[in-house]
Number of protein chains: 2
Amino acid sequence: MADESTVLDLSQLRRSCSSCALSDLCLPAGIGGDDLEKLDMAIRDKRMLDRGGALYRDGDPFHALYVVRSGSLKTFVQDDTGAMQILGFHLPGDIVGFDALATDRHVSQAEALERSSICELPYDRLQQVTSEVPALHRQLMRVVSREVVEEHRHTVVMGRQQAQEQLAIFLKSLSDRYQRLQRDGSMLTLSMSRYDIANYLGLVVETVSRLFSRLEEMGVLEVNRKAVTIRRPDLLAELCRSSSTSPSRQRDNG
Amino acid sequence: MADESTVLDLSQLRRSCSSCALSDLCLPAGIGGDDLEKLDMAIRDKRMLDRGGALYRDGDPFHALYVVRSGSLKTFVQDDTGAMQILGFHLPGDIVGFDALATDRHVSQAEALERSSICELPYDRLQQVTSEVPALHRQLMRVVSREVVEEHRHTVVMGRQQAQEQLAIFLKSLSDRYQRLQRDGSMLTLSMSRYDIANYLGLVVETVSRLFSRLEEMGVLEVNRKAVTIRRPDLLAELCRSSSTSPSRQRDNG
DNA sequence: GGCTCGACTTGATCCAGGTCAATCAGGCAG
DNA sequence: CTGCCTGATTGACCTGGATCAAGTCGAGCC
């Protein structure tokens with residue numbers, strides 16, 4: 001697919017939503033030309049994060065939302081004993097930081113899974129623009145609603161009883177997100193570790209590792225460390241629906 | 001605690017946030033007197049729902065957010081096979097319906113767990129007020145952020161390996177919410193069924209039933225059908241933290 | 001009262017996935 | 001190159017919770 005932008009482009013892209021390939025998927029979606037310029041004004045220079053670099057930590061004061069421009073992030077919470085629960089993986093176009101709006105402090109953490117470029121949206125500037133551009137308010141609510149819906153999806157996956165089904169859904173969903181980004185949905189590059197995947201799904205690493213092997217044996221996947229090729233998308237989709245006889249998930253019985 | 005309001009009060013409360021005991025916990029929090037009146041204008045007459053009554057269904061067009069005034073709701077999604085996953089239980093002051101903002105259609109369902117009274121906030125009116133009252137925009141974002149944080153909490157609980165810990169956290173959190181509502185946090189009335197609790201936690205009903213019995217044997221709870229008394233809050237809190245050596249939840253290991 | 005029905009509890013059994021442990025494959029410093 | 005370290009895989013085993021199967025309890029209804 002499209003390689004890194006040339007060096008010349010980079011400087012131009014620095015603060016321009018209109019020239020960004022992600023604009024349809026990102027905050028500017030549905031925002032018109034003039035208003036888009038105003039939005040551009042609210043965006044601070046991009047930030048680069050190396051693998052493992054923290055975008056924000058639990059307890060940090062809230063001052064901005066962040067858009068993944070390239071690379072990927074994970075968000076997670078850690079309890080007092082240091083036990084971690086991964087909340088999500090974030091690809092280009094995803095916006096993170098909404099957790100802090102309620103209390104003006106972040107109550108989760110965001111960390112780069114690989115070298116990543118991030119657009120920073122200082123919230124005070126964003127609010128300024130929002131008051132001038134009503135459409136942006138609506139769009140902001142839409143985006144945070146998307147976040148809520150995404151959390152619901154995660155909940156549904158974790159509620160599943162069959163680990164294989166969980167992993168299948170995880171891979172399928174990643175594949176779908178790749179396609180929305182115009183990438184080849186059958187060639188995944190898992191920037192997160194097996195530990196991260198296991199944690200995200202509520203499993204242990206060994207189980208995830210075994211499942212990758214099993215799916216490879218079944219001919220569904222070809223697994224080579226972080227490079228996963230989906231050989232049989234049809235089978236994968238099938239596995240997402242299989243064993244839907246999962247317990248306690250019968251019809252609504254108020 | 002406080003019984004039903006008298007008949008006389010009811011008519012007055014009908015559309016007045018300022019006289020509502022929940023106003024601190026609800027949308028009006030932090031909104032000043034004059035602005036509060038404007039907000040009141042945006043609130044349609046309350047709706048009553050009987051047990052099992054639907055507030056909205058999957059696919060319904062979005063036109064309002066809803067606040068629980070009394071009673072309780074559950075929200076859930078159902079897949080094509082009818083399998084249900086409960087997303088949350090909602091007590092007075094909670095706002096539901098944010099799932100629909102992204103797509104202008106509800107992608108989950110809300111149903112009353114008992115006879116409940118609901119404030120309806122038509123979104124077009126709300127947007128009207130929002131444009132006049134900047135503080136409301138901020139407050140709306142705050143509230144939806146609270147929703148995101150609440151989903152995170154749910155994710156963390158589901159990620160736990162020990163079922164007993166999950167149930168303990170569930171009960172503790174319910175107790176905390178009772179206290180925020182000025183109710184006795186040690187006397188819970190579980191308006192949801194055991195099936196609902198099991199589903200919410202990703203367990204089966206038998207396991208939940210056994211856990212209630214076990215916690216009763218341990219002297220932590222006194223269980224009488226839907227009435228649950230927390231006899232030893234200290235022990236309950238302990239159980240929420242115990243077995244924190246849960247797998248795949250070790251320290252962050254990029 | 002006696003009947004039915006649905007929510008809940010309890011017991012017996014089984015197995016998916018967690019636990020423990022050994023091994024392997026890359027990446028990197030020296 | 002060697003040694004080390006971390007991530008990933010694989011095997012052997014064991015247990016917590018799912019499954020299956022009987023009850024029990026209370027509410028509603030005739």
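Just so it is clear: chains get the letters A, B, ... in the order the sequence lines come, proteins before strands, and each one is counted from 1.
The side chain to side chain donor-acceptor pair (under 3.5 Å) test with B:Arg57 is passed by exactly one of B:His106, B:Gln78, B:Glu111: B:Glu111. For the pairing with A:Ser72, the side chain to side chain donor-acceptor pair (under 3.5 Å) check across A:Arg51, A:Arg115, A:Glu114 returns one residue only, A:Glu114.
In this structure, CG of A:Asn199 is placed 13 Å from P of D:dA8, rounded to the nearest angstrom. Atom-to-atom, CG of A:Asp196 to P of D:dT6 comes out at 16 Å; the value is rounded to the nearest Å. Atom C1' of nucleotide C:dG18 and atom CZ of A:Arg194 are separated by 19 Å, given to the nearest angstrom. If you take CZ of B:Arg210 and P of C:dA7, they are 19 Å apart, rounded to a whole angstrom. As a whole-Å value, the separation of B:Arg214 CZ from C:dG11 C1' is 15 Å. The distance between atom CG of A:Leu221 and atom P of D:dT9, rounded to the nearest whole Å, is 12 Å. Look at CZ on A:Arg51: it is 10 Å from C1' on D:dG7, rounded to the nearest Å. Distance B:Glu217 CD to C:dT9 C1': 12 Å, rounded to the nearest Å.
When distances run from any side-chain atom of A:Tyr195 to the nucleotides C:dG18, D:dG17, D:dG7, the shortest one goes to D:dG7. For A:Ala163, counting side-chain heavy atoms from C-beta on, the closest listed nucleotide (D:dA18, C:dG18, C:dG17) is C:dG17. Comparing D:dA18, C:dG18, D:dG7 by their nearest atom to the side chain of B:Leu203 picks out D:dA18. Of the candidate nucleotides D:dG17, C:dG18, D:dA21, D:dA21 has the atom nearest to the side chain of B:Glu206. Set against C:dG18, C:dG17, D:dG16, the side chain of B:Gln162 has D:dG16 as its closest nucleotide.
Within the 4.5 Å cutoff, the side chain of A:Leu211 has no heavy atoms near those of the A:Phe170 side chain.
Side-chain nitrogen and oxygen atoms of A:Arg225 include none within less than 4.0 Å of the OP1 or OP2 phosphate oxygen of D:dA8. The side chain of A:Ser213 contributes an N or O atom lying less than 4.0 Å from OP1 or OP2 of D:dT10. Between A:Lys226 and D:dG7 there is no side-chain N or O to OP1 or OP2 distance below 4.0 Å. Applying the 4.0 Å criterion to OP1 and OP2 of C:dT10, one finds that B:Ser209 has every side-chain N and O outside that range.
Using a 4.0 Å cut-off between a side-chain N of Lys or Arg and a carboxylate O of Asp or Glu, A:Asp94 and A:Arg177 qualify as a salt bridge. Of the charged side-chain nitrogens involved, none lies within less than 4.0 Å of a carboxylate oxygen, so that A:Arg105 and A:Asp60 do not count as a salt-bridged pair.
Each of B:Met192 and A:Leu211 was assigned the nucleotide of DNA chain C with the nearest heavy atom; the assignment lying further toward the 5' end belongs to B:Met192.
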